[in-house]
Amino acid sequence: MQLLIATTNQGKLDEIRIILDGLPIEFFTLRSFPAVGEIEETGQTFTENSRIKAEHYAAKTGMLTVAEDSGLAIDALDGRPGVRSSRFNGETYEEKFSEIYKQLSKCGGNGSLAQFVCALTLIDKEIIFETKGTVEGVIAAEPRGKAGFGYDPIFYYPPHACTLAELSREQKIAISHRGQAFRQLRSFLATWQYETHRR
Ligand code: ITT
């Protein structure tokens with residue numbers, strides 16, 4: 001079995017590879033398909049965007065394809081940056097963080113609860129599996145840590161008393177939104193492959 005992991009985000013890809021490691025599957029990335037461009041993420045929800053990406057890359061490559069849409073939803077900001085996490089205010093994460101702290105101060109929301117969400121879609125000719133993972137934390141008083149990517153430095157995870165950027169990759173995926181969603185995919189693929197080959 002061959003599977004395309006359709007993401008342009010290296011941080012996601014590094015984590016997904018570890019979670020799916022050991023399955024008897026040959027993994028492909030978008031590097032094998034340099035002519036296939038990105039698609040605009042016009043959905044209002046993580047699931048809608050995940051479907052848009054999976055459908056696009058599966059149609060363009062003809063491969064069994066998994067795509068995911070993820071992001072940070074902050075309670076005091078009514079769920080922002082949400083599906084706009086990668087496009088939110090500014091080029092750098094320093095700029096994104098300072099805008100978040102500015103907006104939180106303005107609305108009295110410092111230390112707000114927040115969730116990281118990851119919706120994934122697996123498509124062959126049609127959607128064959130979808131799921132979602134969520135991890136809850138609070139927005140840290142200030143960015144901390146150098147590991148991970150994206151918003152990890154401002155996401156404080158109370159059970160470990162540190163931000164996700166202060167965890168190793170393995171510790172992060174053991175509790176993260178992406179870890180939850182892709183472990184479910186892993187179980188699905190193992191069973192599905194077995195059933196498919198038995199027929
Ligand atoms: P693809 O669409 O190609 O997968 P992308 O980076 O554009 O790559 P999204 O549209 O799903 O992906 O945006 C997700 C953004 O949410 C990501 O760029 C980060 O800013 C943030 N994000 C998602 N998961 C995260 C995580 O585990 N840690 C930190 N930030 C995360």
Side-chain angles (χ1 to χ4, degrees), residues 4-19 28-34 36-58 60-61 65-74 77 79-100 114-123 130 132-140 143-157 160 162-183 185:
L4 172 64
I5 303 173
T7 178
T8 60
N9 182 316
Q10 188 63 41
K12 288 184 184 181
L13 192 60
D14 293 341
E15 294 180 4
I16 294 166
R17 276 182 187 283
I18 294 176
I19 301 163
F28 286 78
T29 68
L30 292 173
R31 284 216 186 110
S32 301
F33 301 95
V36 177
E38 289 181 48
I39 185 156
E40 207 185 335
E41 299 176 22
T42 52
Q44 301 296 311
T45 65
F46 293 110
T47 301
E48 279 172 26
N49 279 336
S50 167
R51 278 184 196 166
I52 288 171
K53 287 187 262 189
E55 276 163 5
H56 168 70
Y57 290 113
K60 293 284 179 196
T61 64
T65 299
V66 63
E68 65 105 288
D69 197 63
S70 48
L72 177 65
I74 302 176
L77 302 183
R80 292 191 308 277
V83 290
R84 296 190 49 80
S85 291
S86 65
R87 292 161 278 165
F88 181 74
N89 188 72
E91 287 297 306
T92 69
Y93 279 91
E94 285 70 29
E95 289 172 294
K96 295 181 199 300
F97 298 166
S98 58
E99 179 63 21
I100 283 174
Q115 298 83 38
F116 266 128
V117 180
C118 171
L120 75 75
T121 304
L122 177 71
I123 291 192
E130 279 191 317
K132 208 151 97 173
T134 303
V135 60
E136 182 144 298
V138 300
I139 299 302
R144 288 178 72 106
K146 297 260 177 273
F149 67 95
Y151 294 88
D152 284 341
I154 64 163
F155 191 92
Y156 182 83
Y157 183 65
H160 286 342
C162 65
T163 70
L164 294 194
E166 296 177 293
L167 296 176
S168 69
R169 210 178 261 152
E170 285 71 15
Q171 285 173 315
K172 179 185 167 188
I173 61 186
I175 51 103
S176 77
H177 51 317
R178 184 166 300 101
Q180 293 170 35
F182 278 82
R183 276 191 294 277
L185 176 71

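Atoms within a ligand are numbered from 1 in the order they appear, just like the ligands themselves.
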Could you tell me whether E41 and K53 make a salt bridge, using a distance below 4.0 angstrom between a side-chain N and a carboxylate O?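 Yes, this pair counts.
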
In the protein, which heavy atom is nearest to [atom], and how far is it?
atom	answer
atom 6 (O) of ligand 1	N9 ND2, 2.9 Å
atom 23 (C) of ligand 1	S70 OG, 3.2 Å
atom 2 (O) of ligand 1	K53 NZ, 2.7 Å
atom 27 (O) of ligand 1	K172 NZ, 2.7 Å
atom 11 (O) of ligand 1	K12 NZ, 2.8 Å
atom 28 (N) of ligand 1	D152 OD1, 2.7 Å
atom 31 (C) of ligand 1	F116 CE2, 3.6 Å

Just heavy atoms, cut-off under 4.0 Å: does F149 contact ligand 1 by side chain, backbone, both, or neither?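 Answer for F149: both.
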
Mode of E38 contact toward ligand 1 - side chain, backbone, both, neither (heavy atoms, under 4.0 Å):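 It is neither part, as no heavy atom is under 4.0 Å.
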
Going by the atom numbers of ligand 1, which of them fall below 4.0 Å from some non-hydrogen atom of [X]?
X	result
Y93	18 (O), 19 (C), 20 (O)
T7	1 (P), 3 (O), 4 (O), 8 (O)
E41	2 (O), 10 (O)
R178	23 (C), 24 (N), 25 (C), 26 (C), 27 (O)
D69	9 (P), 10 (O), 11 (O)
H177	24 (N), 25 (C), 26 (C), 27 (O)

In terms of relative ring orientation, are H177 and F116 parallel, tilted or perpendicular, with 30° and 60° separating the classes?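 Answer is parallel, since the angle falls under 30°.
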
[Y] backbone acceptor or donor facing [X] side chain under 3.5 Å:
X	Y	answer
H56	E40	no
T65	L4	no
Y157	I175	no
D152	F149	yes
T163	R144	yes

Who gets closest to atom 21 (C) of ligand 1 by heavy atom: Y151, Y57, F88, F46?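 It is Y151 whose heavy atom sits nearest to atom 21 (C) of ligand 1.
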
Which option out of P81, G71, G150, S86 puts a heavy atom nearest to atom 7 (O) of ligand 1?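 Minimum heavy-atom distance to atom 7 (O) of ligand 1 goes to S86.
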
Which one of R51, E130, E48 satisfies the side chain to side chain donor-acceptor pair (under 3.5 Å) criterion with T121?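 That would be E130; it is the only one of R51, E130, E48 passing the side chain to side chain donor-acceptor pair (under 3.5 Å) with T121.
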
Report the C-alpha distance between I173 and R178 in whole Å, list the side-chain angles of each, state the deciding distance to 0.1 Å, and finish with yes or no for side chain to side chain contact (heavy atoms under 4.5 Å, CB included). CA-CA 7 Å; I173 61 186; R178 184 166 300 101; 5.8 Å; no

Return yes when R87 approaches ligand 1 closer than 4.0 angstrom through a heavy atom, no otherwise.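 Outside the 4.0 Å threshold, so no.
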
With a cutoff of 4.0 Å, is L72 in contact with ligand 1, counting heavy atoms of the residue only?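 Contact absent.
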
Step through the shown structure and confirm whether more than 12 heavy atoms of other residues, nucleotides or ligands are within 6.0 Å of NZ on K132.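 Check fails, neighbour count at 12 or below.
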
Grab the two heavy atoms, one from G71 and one from F46, that are nearest each other, plus how far apart they are.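 What the structure gives for the nearest pair is N-CE2, 3.5 Å.
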
Could you tell me whether K60 sits above the aromatic face of Y57, with NZ or CZ closer than 6.0 angstrom to the six-membered ring centre and within 45 degrees of the axis?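 Geometry flag: not set, cation outside 6.0 Å or 45°.
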
